[in-house]
Amino acid sequence: MEALAIDGDHNVRAALNLSYATLPPPTARLYRLLRLHPGREFDGAVVSALSAADRDAAELLEVLADASLLIDAAGERHRFHDLVRLRAAAKARRDESPQERTKAMRRIADHYLASATRAEGIIDPQHRTMARDYRAGPVVIADVGPDSEAALNRLERELPTLMAVIHQARSAGFPTVCWQLADALWPLFLRRKFYDRNPALLREGDRTTPVRPSRFSAPRSPPLTPTPTP
């Protein structure tokens, strides 16, 4: 795929269109929907979330790779070349309705929210997890590791994508996903001391948190106790 990156070469578009035309319909749809993923990389769990577990994720990824539409990244992850992302975006706009695109973005958001919440429970099992609002239907949860260190490492590796999911969820009209995902990330920020990234997380939490006390709100003074009148 890297060899196709020739500036201004119309053969690139033709080659991508030819590769796309050879895809089976389920894989072609996955290619379109993966463009709605806001991060640079993704793994098989994202594929399972988008394909609703109708097909084996590894099989779908293999078909995309064989068509030169996918690049392997480290840690059993995958990404699109920039040119491929652009073509996938065009295909998604043309062939997927706004409603279907919204549903796909919600499946992605719910997957990351559920996975981060699973990690939160492993990292801080004594903390009472706030209720999560998922869409109807099964939610795919990634393997976040067997212990708190593995769960922290998973969250740290996914942090750029998780922040991108929060931003996308807000613009897509999923405000509960924004503050709930920010809530799930709180143990990571505390334990790994990501103080420089706290402001961005706090802003997203404050923008979308319901009007009630939360861990995103600045500390408030305790309410004054009325003084009894003599």
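The figures here come from the full heavy-atom set of this structure, side chains too, leaving out hydrogens, waters and symmetry mates.
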Reported CG-to-CD distance for the pair D43 and E76, which is rounded to 0.5 angstrom
9.0 Å
Using modelled atom types only, decide if a donor and an acceptor are shared between the side chain of S19 and the backbone of A67 within a distance under 3.5 Å.
yes
Testing the basics here: between I141 and A114, what is the closest heavy-atom pair and its distance to 0.1 Å?
CG1-CB, 3.7 Å
Report yes or no: does S48 contribute a side-chain atom to a donor-acceptor pair with the main-chain N or O of A57 at less than 3.5 Å?
no
Plane angle bin for F189 and F194 - parallel if under 30°, tilted between 30 and 60°, otherwise perpendicular:
perpendicular
Is there a path from I122 to L185 through hydrophobic residues (I, L, V, M, F, W, Y) whose side chains come within less than 4.5 Å of each other?
no
Distance check, rounded to the nearest 0.5 Å: T161 atom OG1 versus I166 atom CD1?
11.5 Å
For P187 against I123, the heavy-atom pair lying closest together
CB-CG2, 3.9 Å
Under the 3.5 angstrom rule, does the side chain of Q180 hit a backbone N or O of D133 as a donor-acceptor pair?
yes
Relative to F174, does R106 satisfy both conditions: NZ or CZ under 6.0 angstrom from the six-membered ring centre, and within 45 degrees of the ring's axis?
yes
With heavy-atom distances below 4.5 Å as the criterion, would you say the side chains of L159 and M163 are in contact?
yes
Are V177 and L188 connected into the same hydrophobic cluster when the rule is that any two of I, L, V, M, F, W, Y join if their side-chain heavy atoms are below 4.5 Å apart?
yes
Answer yes or no: are there more than 12 heavy-atom neighbours, outside R118 itself, under 6.0 Å from its atom CZ?
no
Do the rings of F80 and Y31 sit parallel, tilted or perpendicular, given the 30° and 60° boundaries?
perpendicular
How many angstroms lie between CZ in R107 and CG in L50, if you round to the nearest 0.5 Å?
6.0 Å
Does the R101 side chain pair with the main chain of L36, one donor and one acceptor, at a distance under 3.5 Å?
no
Quick test of your reading of the model: are R192 and E149 salt-bridged, counting only N-O distances below 4.0 Å?
yes
Residue pair V165, L113: steps toward the side chain to side chain contact (heavy atoms under 4.5 Å, CB included) verdict:
CA-CA 9 Å; V165 169; L113 174 58; over 6 Å; no
Check step by step if side chain to side chain contact (heavy atoms under 4.5 Å, CB included) holds for L69 and L23.
CA-CA 10 Å; L69 295 173; L23 297 176; 3.7 Å; yes
The reported gap from NE2 in H81 to CG in L70 (rounded to nearest 0.5 angstrom) is 12.5 Å
Residues in side-chain hydrogen bond (donor to acceptor under 3.5 Å, both in side chains) with D82, at least two apart?
R40
The reported gap from NE2 in H37 to CZ in R85 (rounded to nearest 0.5 angstrom) is 9.0 Å
R132: which of D183, D110, T176 passes side chain to side chain donor-acceptor pair (under 3.5 Å)
D183
Go through it in stages, so that I can follow the logic: the residues are D124 and L190, the test is side chain to side chain contact (heavy atoms under 4.5 Å, CB included), and I'd like the CA-CA distance, side-chain angles, deciding distance and then a yes or no.
CA-CA 11 Å; D124 193 357; L190 289 178; over 6 Å; no
Note: E100-R29 ion pair, threshold 4.0 Å (strictly below):
yes
In the single-linkage hydrophobic clustering (I, L, V, M, F, W, Y; side-chain heavy atoms under 4.5 Å), do L30 and Y112 co-cluster?
yes
Search all heavy atoms of R32 against all heavy atoms of K91 and return the closest pair with its distance.
CD-O, 3.5 Å
Check for me, please, whether V144 and W186 land in the same ILVMFWY cluster - side-chain distances under 4.5 Å, paths through other members count.
no
So how far is it from E120 CD to L152 CG, rounded to the nearest 0.5 Å?
11.5 Å
Under the side chain to side chain contact (heavy atoms under 4.5 Å, CB included) test, which residues partner R157, sequence neighbours left out?
R77, R154
May I have the step-by-step check of side chain to side chain contact (heavy atoms under 4.5 Å, CB included) for H78 and I71, ending in yes or no?
CA-CA 6 Å; H78 314 274; I71 300 172; over 6 Å; no
Hydrophobic clustering (ILVMFWY, side-chain heavy atoms < 4.5 Å, transitive) - are V63 and V84 grouped together?
yes
Check A88 against R35 and note the closest heavy-atom contact, atom names and distance.
CB-CB, 3.7 Å
